[in-house]
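First comes the structure, then the notes that go with it.
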Amino acid sequence: MSQKIVSVKGMRDLLPGEIELWQHVEGLARELFGRYGYGELRTPMVEDTALFVRSVGEETDIVGKEMYTFDDKAGRSLSMRPEGTAPAARAYIEHSVATQEPLTRWFYMGPMFRYERMQTGRYRQFSQIGAEAYGSKDAAQDVEVMDMVARFLQALGLQDITLNLNSLGDEVCRPQYHAKLVEYLQAHKPELCEDCHRRLETNPLRVLDCKNPKCQAVAAQGPSVLDFLCEPCKAHFDDVQRKLTALEIRFVVNPRMVRGLDYYTRTVFEFVASHPALSTASTVSAGGRYDKLVKSLGGPDTPAVGFACGLDRLVLLLKESGKSFAQVPDLFIAAADPGSHDAAFALAGRLRHQGLRVDFDTRGGSLKSQMKRADKSGAHFTLVLGELERTSGQAKLKQMSNGQQWETSLEPAALIATVRTRKAESASGASSQG
RNA sequence: GCGGCCAUAGCUCAACUGGUCAGAGCGCCGGACUGUGACUCCGGAGGUUACCGGUUCGACCCCGGUUGGCCGCCCCA
């Protein structure tokens with residue numbers, strides 16, 4: 001077999017039949033986020049490599065080994081974006097948005113790229129929907145973002161979602177906690193697993209969410225971030241919880257939850273789904289506050305908070321729910337004989353011009369094959385156009401679900417009216433039965 | 001990056017310990033039903049058994065490599 005070219009490992013095609021699920025999720029996000037006052041942002045898929053090194057963190061796995069990095073023809077080091085927060089912050093600074101709009105709210109959606117091993121709900125090209133709010137340090141902003149995610153997941157009909165909440169403190173209190181934690185972990189080093197010995201050197205916080213039972217036992221006895229929060233951070237964290245409660249958003253404080261990216265301060269959160277189909281990909285959305293990021297990238301000192309949802313995982317859950325979002329034609333037009341093919345095609349065109357969803361087999365073929373095609377298309381109605389109809393200007397409209405037929409005029413406006421009326425009637429009839 | 005499992009038609013899968021085993025169902029196309037789909041019946045197309053090499057008289061089956069997939073670890077959405 002000559003080598004056929006297939007899609008690159010970890011990247012896939014989305015064909016009609018599946019794409020509708022994606023469109024549904026994306027449409028819901030646009031509508032909902034717009035309702036909260038967020039405007040859509042689109043940034044390039046490729047950025048200066050330095051942007052991610054400086055924001056995400058040089059020592060993180062994402063930057064250290066998962067980025068698609070290459071030199072362009074001028075020798076610039078570019079990287080496919082591995083996440084959306086850094087590009088958004090870059091755009092925020094580049095366009096001096098802060099001077100125009102002190103409180104800025106953006107959302108984005110699109111593909112991200114990370115070179116890693118494939119697994120359930122994990123691809124090398126994956127999609128995220130996220131939002132960022134710049135300019136407010138009030139806990140209300142943290143809660144607005146979490147509320148938005150919660151409503152989003154709820155609107156998708158997803159069940160068994162838990163919101164985990166934690167605070168990582170700020171530049172004042174985090175170093176103190178960090179030092180205490182390292183001291184504690186060093187003392188218990190013999191009880192930790194091999195991986196954690198390494199984590200102790202690279203990122204001690206990660207020991208806290210190691211899945212090894214022995215490590216968990218050690219972590220459970222260790223110092224909690226929450227005991228080390230400075231007054232302002234503690235007040236903020238309390239405020240966040242109070243405001244979440246006021247909005248009736250349930251959450252679980254998890255003092256051992258950490259983040260893989262360096263830029264987070266204070267509030268961090270994760271929405272975790274318990275559906276078995278997700279396996280180890282149960283975190284469906286994650287985010288937090290990053291008050292120092294904008295400044296560290298050369299912008300004005302601007303507090304910010306945001307989140308990202310893994311779209312692939314949401315779609316996976318939606319698929320499991322078995323819901324269908326397929327778009328089917330209102331009407332299929334079949335030509336009874338080859339001599340009517342042109343007339344049928346013209347009629348289909350006129351109806352489409354006026355907004356009707358019409359399918360027609362441009363290949364022609366026997367009436368039977370066209371009827372099969374009509375059935376397969378899922379069209380609500382089929383109209384057979386032949387010599388009789390062309391001379392009389394009248395035709396039969398057949399409802400595919402039950403075979404019932406009605407006489408209708410071929411005049412487009414009248415035909416469309418008939419289709420719409422019959423469709424509405426059958427829809428209400430079906431719903432009143434269910 | 002590490003470990004385990006796997007790879008047969010478009011899809012889901014068969015083929016005793018290597019010897020007519022390259023098949024079924026679904027899907028697709030056509031016919032029975034010469035102006036009406038679904039149900040039923042009949043027929044047809046479609047695979048050098050992922051790729052490369054090896055062992056053997058003989059390989060879908062055994063061995064090695066490559067590529068790809070699934071699962072776990074790492075990490076993450």
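By convention in this document, chain letters (A, B, ...) are assigned in the order of the sequence lines, proteins followed by strands, and residues within each chain are numbered from 1.
A:R117 comes within 4.0 angstrom of a base, heavy atoms only. Contacts of A:Q370 with the nucleic acid, taken as non-hydrogen atoms under 4.0 Å apart, are absent.
Taking the side chain of A:E116 as heavy atoms from C-beta on, and the options B:G72, B:A77, B:U36, the nearest nucleotide is B:A77. The side chain of A:D312 has B:A77 as its nearest neighbour among B:A77, B:G37, B:G1. Here the side chain of A:R206 is nearest to one of B:C76, B:A38, B:C73, namely B:C76. For A:K372, taking side-chain heavy atoms from C-beta onward, the closest of the listed nucleotides B:G35, B:A77, B:G37 is B:G37.
Centroid-to-centroid, the aromatic rings of A:F228 and A:Y177 come within less than 6.0 Å. Between A:H188 and A:Y184, the distance from one ring center to the other falls under 6.0 angstrom.
A 3.5 Å limit on both hydrogen-bonding distances identifies no Watson-Crick or G-U partner for B:C39. Base pairing of B:C2 is made with B:G72, judged by Watson-Crick or G-U wobble geometry with both donor-acceptor distances under 3.5 Å. As the counterpart of B:A7, B:U67 is assigned, both hydrogen-bonding distances of the Watson-Crick or G-U wobble pattern falling under 3.5 Å. Base-pair partner of B:U34: not found among the strands shown (Watson-Crick or G-U wobble, both distances under 3.5 Å).
Taking side-chain N and O atoms only, A:T120 has a distance below 4.0 Å to OP1 or OP2 of B:C71. When the side-chain nitrogen and oxygen atoms of A:K9 are compared with OP1 and OP2 of B:U67, none of them lie within a distance under 4.0 Å.
Within residues 385-395 of chain A, the residues approaching RNA chain B are A:E387, A:L388, A:E389, by heavy-atom distance under 4.0 Å.
Using a 30° and 60° split on the angle between ring planes, A:Y134 and A:Y290 fall in the perpendicular class, above 60°.
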